[in-house]
Amino acid sequence: MTKPSPTAPADADARAALLARLRQLENASQTLDPGANRRKKLRSAVFASAERFLRKLSSMKGYVETEDKGARLLERPISEHGIPIEDAIEILERDVLKPGGNPAAAGYLAYIPGGGLYHSALGDFLAAASDKYAGVFFAGPGAVRMENMLVRWVADLIGYSQSAGGHIASGGSLANLAAITTARDARGLKSADFPSAVVYLTSQAHHSVDKALRIAGLGEAKLHYVEMDDRFRMRTDALDAAIAADRAQGLTPWLIIATAGTTDTGAVDPLDAIATIAARERCWFHVDAAYGGFFILTERGRAMLKGIERSDSAILDPHKSLFLPWGSGMVLVRDVNALARAHSYSGHYMQDATAVAGEMSPAEVSAELTKPFRALRMWLPLILLGVKPFRAALEEKLLLARYFFEEVQTLGFEVGPSPDLSIVTFRWAPAGASLEQANELNRAIVDGARKDGRVFLSSTMLDGRFTIRMAVLGFRTHRRTIDLCLRVLEEQVRRLG
Ligand SMILES: *Cc1c(COP(=O)(O)O)cnc(C)c1O
C-alpha cells in the first residue's frame, strides 16, 4: 500500500474525466435494471404470452412440423440496440415455441414426455429474480437447506438411510455421471485397472450410461451385456453366469447397472435379486430410475422398485416422473461420503465460505460450483400442492398405459410385453407381410401420426422389428388423449389400407 499524495492539477482533470465517464456509463447501462413501471410492462407481456400458450394448450398438437424449423430467429441477430418486448415475444412464439415437439401438451406421447408444472415456472422466476446462490451453504444457507431437504425426501422415498446424500443435477445424464464417477473412486479404480473392470448392464440401458463411462475415463472398461427375459428385463441367472465367467478370466466385476424403467419399453429390472448378487460379488450397484423413479409414490411402483433401497446409488429425474420442467435430475448415493470423495475440491478463494459449518454444500458433492437454484422449482409445487396429486397423476399414468395396452389390441395391433410402468410397445403386423413390409408399414404409421400431430408417438427397434412406442407421462394426459391416440392409429391404418 502506498501513501496518498496531494492531488496535482493534471490529476484533478483526469479525475473529473473519470467521474464524467462513470456517469455516462451508469446512464448507458441503466436499462439493465428496469424500474417498477418498466418491470410491470415486461411482466405483463411475458405473462400474457404464457397465458396464451397455456390456454391454447388443450388444443395444441404434440408435434408441429414447420417448413423453416424456427430459422427466422436468425433474422434478428444480437446487435448493439435492443428491440421491444412485443417483438421479442412474437419471435419467441413463432420460431421457438411453435415448431417441433410440444412436451407440455397432452398429446405428447413420444420418447419420455415432460410437462413443466406452472408452479415450477413461477419457482424458476423467483429463483432467477433473486439470483440466490445455491452452491455453497455459506452463501445461500436457505437455498442449500432446501436442496438437501428435497434430496432427503427422495432418499426417504426410496428407502435410503440417514447416511445417504446427493444433489439436484441438470438431468439424468449428469446424475448418472456423478454416480459412475463415485463408483469408480469408491472401488479405488485407477487407470491401470480400467481395462479389466467389468460393467454389467443390458442392451436396454440408457445410452447416457455409456457416455458417462467414457467421460469418467472408463472407455476401456468392459461392458458385459447381460441377457434379458422376454420382457426386456435383466436375467439374474445370466448375470450370475456372466460374473463367474469374467472372474474365471481374471477380470474384475465392478459395477452392475440396473434400469428401473427402460426408455424403450419401461421395463424394470429385478432390483431385489440383483441387489443380492451385487452384495455377494461386492459390486457397486447403481439403479438408473431416471424415468421410473417417482412411480415409487404409487403402490404398484413401490412393488416394482423393491430392492432400490439396497442399491449403492440411484438416479431419478424430477423432470420426468415428477413433471418438472426440463433441467432437473437427482443423484443419490447410499454413503454420501463416497459422493463427496469423488467430488471434493478446494480453492483459496473459497476459504471464507468453507469455514462455515452447517449443511453439506451441493458444491462439495457435485461437479458444479455455481448452479441454478434448482430446488425452488421442485419445492414450490410440492409444498403448495402436497404429494397427493402427484401420487394420483402417477397412478393414472400406470392405468392409462394398461388401458391403452388392452384397447390397441382390439384395433388389431400386436403388442409387446404388458407394461411394467407407463410405456406400451406395439406394431401393425398384417398376416402375410414380410418383416421388411411390416417395418415399412409401422414407419408409415408413425410418420403419418406425426404429420397429423394431434398425438406424437415415437418408435424404436426391438429384436430387429420396427416398433411403435406410446409413453404416457405428462400430467395433462388423461383418458381422452389416449382415446384420441387410438382413433389416430385407426385412421392411419385405414389410410394405409
Ligand atoms: C432420460 C433418461 C436418462 C437421461 O436423462 P436426461 O435427463 O435426459 O439427461 C437416463 N436414463 C434413463 C433410463 C432415462 O429415461
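For clarity, every value in this text was computed on a predicted model and none was experimentally measured. For ligands, and for the atoms within them, numbers begin at 1 and follow the listed sequence.
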Derivation and outcome, salt bridge (Lys or Arg N to Asp or Glu O under 4.0 Å), residues Arg465 and Asp463 = CA-CA 6 Å; Arg465 295 183 186 146; Asp463 298 330; 5.7 Å; no

message = Going by side chain to side chain donor-acceptor pair (under 3.5 Å), name the residues that satisfy it together with Asp68, two or more places apart in sequence or in a different chain.
response =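 Side chain to side chain donor-acceptor pair (under 3.5 Å) check on Asp68 returns nothing, list empty.
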
Donor-acceptor contacts, no H, no angles, side chain residues 271-279, under 3.5 Å, sequence neighbours left out:
from   : atom 1 : to     : atom 2 : distance (Å)
Asp272 : OD1    : Arg310 : NH1    : 3.0
Thr276 : OG1    : Asp272 : O      : 3.2
Thr276 : OG1    : Arg310 : NH1    : 3.1
Thr276 : OG1    : Arg310 : NH2    : 3.1

key: Salt bridge present between Arg235 and Asp229 (N-O < 4.0 angstrom)   =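 No, no charged N to carboxylate O under 4.0 Å.
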
message = Under 4.0 Å between a side-chain nitrogen and a carboxylate oxygen: does that hold for Asp483 and Arg480?
response =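 No.
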
task = Hey, could you give me each pair passing ring pair (Phe, Tyr, Trp, His ring centres under 6.0 Å) that has a residue in residues 312-341? Not counting sequence neighbours.
result =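 Qualifying pairs: His319-Trp326, Phe323-Phe475.
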
Exercise answer, ligand 1 polar atom pairs (N/O) under 3.5 angstrom:
from     : atom 1 : to     : atom 2 : distance (Å)
ligand 1 : 5 (O)  : Gly172 : N      : 3.3
ligand 1 : 5 (O)  : Ser173 : N      : 3.4
ligand 1 : 5 (O)  : Asp317 : OD2    : 3.4
ligand 1 : 7 (O)  : Gly172 : N      : 2.7
ligand 1 : 7 (O)  : Asp317 : OD2    : 2.7
ligand 1 : 7 (O)  : His319 : NE2    : 2.8
ligand 1 : 9 (O)  : Gly172 : N      : 3.3
ligand 1 : 9 (O)  : Ser173 : N      : 2.8
ligand 1 : 9 (O)  : Ser173 : OG     : 2.7
ligand 1 : 11 (N) : Asp288 : OD1    : 3.1
ligand 1 : 11 (N) : Asp288 : OD2    : 2.6
ligand 1 : 15 (O) : Lys320 : NZ     : 2.9

